[in-house]
Amino acid sequence: MIDPQLLREQPDVIRRSQEARGASVGLVDDAIEADARRRAAITEFEKARAEQNAFGKTVAKAPKDEKQALVAQAQQLAARVKELSQAATDAEAAFDQVVGAIANPIVDGVPAGGEEDFVTLRTHGEPKSFDFEPRDHAELGELLGAIDIARGVKVSGSRFYFLKGIGARLELALMNMGLDLALAEGFTPLITPTLVRPEVMAGTGFLGAHADEIYYLPADDLYLTGTSEVALAGFHSDEILDLEGGPLRYAGWSTCYRREAGAAGKDNRGILRVHQFNKLEMFSYVLPEQAEAEHEALVGFQERMMQACELAYRVIDVAAGDLGQSAARKFDIEAWVPTQGAYRELTSTSNCTTFQARRLDIRTRTESGKTTPVATLNGTLATTRWIVAILETHQQADGSVVVPAALRPYLGGLEVLEPLS
RNA sequence: GGAGACGUCGCAUAGUCCGGUCGAGUGCACCACCCUGCUAAGGUGGAGUCCCCUUAAUGGGGACCGAGGGUUCAAAUCCCUCCGUCUCCGCCA
């Protein structure tokens with residue numbers, strides 16, 4: 001949710017943001033109007049309520065013989081209060097609805113436009129070239145006995161898979177390497193619940209436009225999370241945090257579930273796009289003025305991981321229209337996937353400024369003792385998808401795969417993954 | 001899954017049976033000051049959150065006793081639903 005004060009005092013900031021996102025600018029004026037109506041309704045109700053409260057005290061103190069007449073009067077007052085109360089509630093709900101539809105104002109510098117309008121901030125490493133015909137990760141996974149797609153489909157349907165043998169170990173190695181980096185940077189590891197209540201799902205903003213991406217269990221009214229970000233954001237909901245010692249950083253590990261409803265026919269081969277995968281996610285709670293610095297820090301950690309995996313990648317500044325409701329800025333890191341001849345997203349890190357925290361009621365205390373919403377940020381540190389880029393990038397002509405040096409300690413010193421035979 | 005108990009302002013509790021004098025007492029912790037003087041204690045005062053109006057600072061009002069409804073002129077207190085916690089029993093990886 002956006003800052004209502006910003007809406008009142010600097011609506012142009014929000015208008016510009018909406019425009020850059022290709023979202024409704026008119027919504028801003030609707031919200032300002034709804035805000036005015038809401039405040040008028042509240043004032044009216046509260047006046048009547050104050051009157052009723054005062055009257056109630058005289059009723060309580062009145063002698064018995066006068067009570068009857070006073071109560072009759074009070075009944076009329078009560079009826080009016082009830083009406084005004086309802087009106088105020090309605091006006092608040094109307095305001096919440098309009099204001100809730102406005103996306104987080106973007107950070108200055110975010111490129112305007114849609115999916116194609118990203119700006120490449122930097123690239124690292126050269127796309128790998130081969131003097132043989134490279135195999136794609138699905139084929140390599142099969143040769144190595146690392147990925148069993150056929151059996152995944154047999155057991156659970158399309159877009160499911162088994163990680164087997166060295167494939168399973170490779171994923172755990174990636175996660176552990178990420179966790180070690182996170183620990184060194186002051187992150188607290190969390191293994192999070194993957195089933196959450198509707199309020200938490202809504203609070204983190206995942207029940208909006210992309211609600212059909214989410215698995216839902218009607219028998220228990222619970223949602224399966226597509227990222228541990230949901231649980232990590234909910235972790236401190238309704239709390240006042242002490243951030244004097246710096247950012248509160250968490251590294252959440254969880255399995256992630258995505259319906260991929262809108263992705264029919266896209267990335268059908270291999271495990272690039274699947275219904276279930278594992279992810280190590282960074283999540284930071286910081287003072288609002290530190291949010292952009294923390295954002296840079298998170299993307300820095302991601303780059304260290306990419307470099308440790310010896311992948312060629314680029315960092316992009318995602319355009320406003322492709323940010324989603326909560327993010328004010330998003331950096332994606334895309335790794336080169338040789339058989340696709342393209343950079344594919346391996347990580348994403350979002351600065352949600354105070355937008356998410358406002359909705360989840362996560363605050364901190366300022367020096368004057370007032371409370372104020374914190375900023376939240378999140379970003380990927382490792383996921384199953386990385387296996388795609390690692391296998392394809394480091395493959396050799398015989399189908400074996402060289403293990404990046406930094407990853408070897410996590411695989412018992414293994415230097416090369418060999419085909420089964 | 002069955003039976004019972006419970007959910008009050010940071011923590012622990014009083015208040016709920018018999019609705020108004022309860023936005024709410026006490027202890028601990030916290031903050032300020034005073035006293036005292038040393039690895040103490042005592043005294044006085046102050047503290048919550050959210051919202052609305054107002055202001056230069058300020059002041060006024062409303063809401064909040066797990067959440068949401070209901071009854072009533074009036075609800076922490078009565079009724080309903082939900083959520084959660086604890087104890088016992090059952091079941092289970």
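Predicted model, so just to flag it, every value in this text is computed and none were measured. Reminder, nothing fancy here: chain letters follow the sequence lines and each chain counts from 1.
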Could you measure between the two [atom1] atoms, the one in [N] and the one in [M], and give it in whole Å?
N      : M      : atom1 : value
B:rG48 : B:rC11 : P     : 16 Å
B:rG70 : B:rA76 : P     : 15 Å
B:rC83 : B:rG90 : C1'   : 24 Å
B:rU77 : B:rU8  : P     : 14 Å

So, does A:Asn53 get its side chain near the phosphate of B:rG61, meaning an N or O under 4.0 Å from OP1 or OP2?
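No, because none of the side-chain N or O atoms of A:Asn53 sits under 4.0 Å from OP1 or OP2 of B:rG61.
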
Pair [X] + [Y], salt bridge at N-O below 4.0 Å:
X        : Y        : result
A:Arg21  : A:Asp322 : no
A:Glu260 : A:Arg273 : yes
A:Lys47  : A:Glu51  : no
A:Asp332 : A:Lys330 : no

Applying salt bridge (Lys or Arg N to Asp or Glu O under 4.0 Å) as the test, list every pair that has at least one member in residues 179-198 of chain A; sequence neighbours left out.
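Sorted result for residues 179-198 of chain A: A:Glu185-A:Arg304.
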
Among pairs that include at least one residue of residues 94-110 of chain A, which meet salt bridge (Lys or Arg N to Asp or Glu O under 4.0 Å), considering only residues two or more places apart or in two chains?
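Not a single pair qualifies under salt bridge (Lys or Arg N to Asp or Glu O under 4.0 Å).
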
Under 4.0 Å, heavy atom to any atom of RNA chain B: which of residues 356-366 of chain A qualify?
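A:Arg363, A:Arg365 - these, ordered by number, are the residues of the stretch whose heavy atoms sit under 4.0 Å from the strand.
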
Between A:Tyr223 and A:Tyr215, ring centroids under 6.0 Å
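Between A:Tyr215 and A:Tyr223, which both carry aromatic rings, the centre distance is not below 6.0 Å.
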
Using the ring centroid of each side chain, check whether A:Phe283 and A:His236 are separated by less than 6.0 Å.
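Between A:His236 and A:Phe283, which both carry aromatic rings, the centre distance is not below 6.0 Å.
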
Every protein N/O within reach of nucleotides 51-58 of chain B N/O, cut-off under 3.5 Å:
| residue | atom | partner | partner atom | Å |
| --- | --- | --- | --- | --- |
| B:rC51 | O3' | A:Arg38 | NH2 | 3.4 |
| B:rC52 | OP1 | A:Arg38 | NH2 | 3.0 |
| B:rC52 | O2' | A:Thr43 | OG1 | 2.7 |
| B:rC53 | OP1 | A:Arg39 | NH1 | 3.1 |

Could you tell me which residues satisfy side chain to side chain contact (heavy atoms under 4.5 Å, CB included) with A:Asp12, sequence neighbours excluded, listed by chain and number?
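Side chain to side chain contact (heavy atoms under 4.5 Å, CB included) check on A:Asp12 returns A:Arg15, A:Arg16.
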
Ring pair (Phe, Tyr, Trp, His ring centres under 6.0 Å) with A:His275: which of A:Tyr161, A:Phe160, A:Tyr257?
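That would be A:Phe160.
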
Would you mind building the protein contact string for nucleotides 69-75 of chain B? One character per nucleotide, 5' to 3', B for base within reach (heavy atoms under 4.0 Å), S for sugar-phosphate only, - for untouched.
--S-BS-

Quick one: look up who B:rC31 pairs with, Watson-Crick or G-U, both distances under 3.5 Å, and put none if it's unpaired.
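Answer to the pairing question: B:rG45, which forms a Watson-Crick or G-U pair with B:rC31.
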
Sugar-phosphate, base or nothing in reach of A:Phe55, heavy atoms under 4.0 Å
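The answer is nothing, as A:Phe55 stays clear of every strand by at least 4.0 Å.
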
